[in-house]
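Working notes for the structure below.
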Protein chains: 2
Amino acid sequence: MLDEAVNLENSLEAGGEPERRVRDRGATERAILAAAKRLLAEEGFQNFGINAVARRAGCDKQLIYRYYGGLDGLVEAIGADLGTWVKDRIPEDTGGMFLLTYGDLMERLSLLLLDALRDDPLMRRILAWEISENTEQVRRLSEARSKALALWLERMRGSLTPPKGVDTAAVNAIVIAAIQHLVLAASAGGQCAGLSLKTSKDWEKAATALKRIVRGVYG
Amino acid sequence: MLDEAVNLENSLEAGGEPERRVRDRGATERAILAAAKRLLAEEGFQNFGINAVARRAGCDKQLIYRYYGGLDGLVEAIGADLGTWVKDRIPEDTGGMFLLTYGDLMERLSLLLLDALRDDPLMRRILAWEISENTEQVRRLSEARSKALALWLERMRGSLTPPKGVDTAAVNAIVIAAIQHLVLAASAGGQCAGLSLKTSKDWEKAATALKRIVRGVYG
DNA sequence: CCCCGCTGTCACCAATCGGTGAGTAGCGGG
DNA sequence: CCCGCTACTCACCGATTGGTGACAGCGGGG
């Protein structure tokens with residue numbers, strides 16, 4: 001998949017013979033999808049359009065219309081691809097520790113989510129997109145992302161029962177919101193609410209504070 | 001200021017006589033700024049451009065170049081205008097309660113910030129902009145917004161000393177991040193991490209959870 | 001074998017973008 | 001009254017956008 005993308009991309013400026021493309025619809029489709037994902041991850045949703053994707057995929061935009069029915073279909077394909085996100089981010093074992101309290105679990109999950117978002121530019125861009133626009137396109141993508149996140153959380157939680165007397169849904173949503181905004185702000189401007197978020201030392205402080213907050217509610 | 005803006009805007013489609021504009025540079029400048037702020041607040045940064053602002057202000061874009069030196073200058077003017085945000089949002093008295101603990105203060109501040117952001121579309125759009133782009137334009141605007149927020153927090157805090165043993169800067173940054181993301185997500189999609197944020201009942205639940213979190217760290 | 005279909009390319013469309021230079025219109029001072 | 005300064009408008013530029021129709025070339029089935 002990646003090889004094909006690179007090949008297609010380079011075929012634009014590769015000197016020498018014209019380097020005729022192989023006629024392989026499947027490969028082209030995958031190359032387009034890969035190019036779209038890379039483009040979105042690297043450049044953001046601002047300049048994400050038919051022309052840009054076609055340019056990066058090294059093919060004509062007409063093919064995007066033909067194979068995906070336009071940008072909407074392509075975005076939908078990206079959303080469908082997001083389902084794989086979960087599998088990649090689930091450690092098989094719990095790292096030797098088991099029989100956790102809910103507090104232990106949420107602390108661990110928070111830090112895992114923080115790290116996962118920190119090195120997933122595509123997810124970050126989608127998150128920013130969700131916040132900035134409210135088109136049908138984005139709504140579908142948002143739904144896919146949300147479902148993936150929910151599934152991830154559910155898998156990680158296992159069979160642990162949440163404590164009583166606390167609105168865990170609301171509390172967890174706020175914790176997740178904090179994590180997401182922290183990562184987004186850091187990724188965009190290197191800081192959040194005056195807190196610098198550049199060096200790994202900065203992130204340690206943030207992680208410590210996050211742990212403290214989670215521990216504060218869940219003991 | 002508002003009257004002028006409305007007047008200028010309507011002068012486009014107002015039937016009847018041409019409704020000649022008065023030649024008043026100051027008024028035009030203010031009308032442009034007001035139009036820009038309204039446009040940004042209502043439409044977001046996506047379609048925020050010279051043409052759109054001029055269209056909404058009911059004047060030629062050339063005037064924007066002349067009076068503000070282009071979009072950058074106009075954005076800068078918006079940023080400068082953000083300084084007034086603080087004054088509008090500071091209640092004169094502390095509502096009868098004084099001599100608060102730091103926990104009391106942060107709880108109150110959190111809820112105030114939540115509400116303030118909830119009914120300030122311009123601030124929300126700027127926030128979303130900060131997260132989605134990293135141009136010099138946005139960086140300046142971000143700085144102005146950040147400074148306004150910091151000033152607001154400082155004014156509200158008064159002379160209360162923070163507790164020891166806690167990285168209040170980091171913790172507060174995370175709390176603020178949570179609030180901001182909550183409001184942004186709600187404004188865009190009506191929910192955040194599976195938590196619905198539409199009805200006032202939804203928001204009560206969120207506020208309660210937020211209070212619980214703040215109380216958890218600051219006692 | 002030829003022909004049809006599928007893959008891929010190219011040329012073109014109207015609309016909009018940011019940006020600029022030249023020209024018009026009205027107010028105020030002499 | 002008239003002239004000049006200034007606020008303001010208009011027309012145009014090249015670039016880019018999303019979108020469409022026509023065409024080229026290879027390959028497999030009749």
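Just the heavy atoms: all of them, side chains too, but no hydrogens, waters or symmetry mates, feed the values below. Below, read A as the first sequence line, B as the second, and so on, with proteins coming before strands; counting in each chain starts at 1.
No side-chain heavy atom of Val183(A) sits under 4.5 Å from any side-chain heavy atom of Leu127(A).
Under 4.0 angstrom from either OP1 or OP2 of dG18(C) there lies no side-chain N or O belonging to Tyr65(B). Taking only side-chain nitrogens and oxygens, Thr28(B) never comes nearer than 4.0 Å to OP1 or OP2 of dA7(D). Between Asn51(A) and the phosphate of dT16(D), there is no side-chain N or O to OP1/OP2 separation shorter than 4.0 Å.
Between the CG atom of Leu74(A) and the C1' atom of dG19(D) there is a distance of 16 Å, given to the nearest Å. Between the CG atom of Asn47(B) and the P atom of dG18(D) there is a distance of 13 Å, given to the nearest Å. Following rounding to the nearest Å, Ile32(A) (CD1) and dT9(C) (C1') show an atom-to-atom distance of 13 Å. Whole-Å rounding puts the Ile64(A) CD1 to dG19(D) P distance at 11 Å. Glu43(B) has its CD atom 17 Å from the C1' atom of dC17(C), to the nearest Å. If you take CZ of Phe48(A) and C1' of dG18(D), they are 14 Å apart, rounded to a whole angstrom. With rounding to whole Å, Leu63(A) atom CG is found 14 Å from dA24(D) atom C1'. The nearest whole Å value for the distance from the CD1 atom in Ile50(B) to the P atom in dC13(D) is 21 Å.
A donor-acceptor contact shorter than 3.5 Å is absent between the side chain of Ser132(A) and the backbone of Trp129(A). Trp85(B) contributes no side-chain N or O that, together with a main-chain N or O of Ala148(B), makes up a donor-acceptor pair within less than 3.5 Å.
Listed nucleotides: dG19(C), dC10(D), dT9(C). Nearest to the side chain of Asp60(B): dC10(D). Comparing dT9(C), dG18(C), dC17(C) by their closest approach to the side chain of Arg55(B) singles out dC17(C). Minimum atom distance to the side chain of Lys61(A) is reached by dG18(D), of the listed dG19(C), dG18(D), dC10(D).
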Result block: side-chain N/O donor-acceptor pairs under 3.5 angstrom for residues 67-76 of chain A, not counting sequence neighbours:
from, atom 1, to, atom 2, distance (Å)
Tyr68(A), OH, Glu29(A), O, 2.8
Asp72(A), OD1, Gln137(A), NE2, 2.8
Glu76(A), OE1, Arg140(A), NH1, 2.7
Glu76(A), OE2, Arg140(A), NH1, 3.4

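Checking Gln62(B) against Leu71(B), the closest nucleotide of DNA chain C that is more toward the 5' end is the one next to Leu71(B). Comparing Gly49(A) and Arg66(A) by the nucleotide of DNA chain D that holds the closest heavy atom to each, the one mapping nearer the 5' end is Gly49(A).
Arg56(A) has a carboxylate O that lies under 4.0 Å from a charged side-chain N of Glu43(A), or vice versa, which qualifies the two as a salt bridge. For Arg89(B) and Asp120(B), the salt-bridge test passes: some basic side-chain N is under 4.0 Å from an acidic carboxylate O.
Annotation: cation-pi geometry satisfied between Arg118(B) and Trp203(B) (NZ/CZ under 6.0 angstrom from ring centroid, within 45° of ring axis).
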Please list, pair by pair, any protein nitrogen or oxygen found under 3.5 Å from a nitrogen or oxygen in nucleotides 4-6 of chain C.
from, atom 1, to, atom 2, distance (Å)
dC6(C), O2, Arg23(A), NH2, 2.7

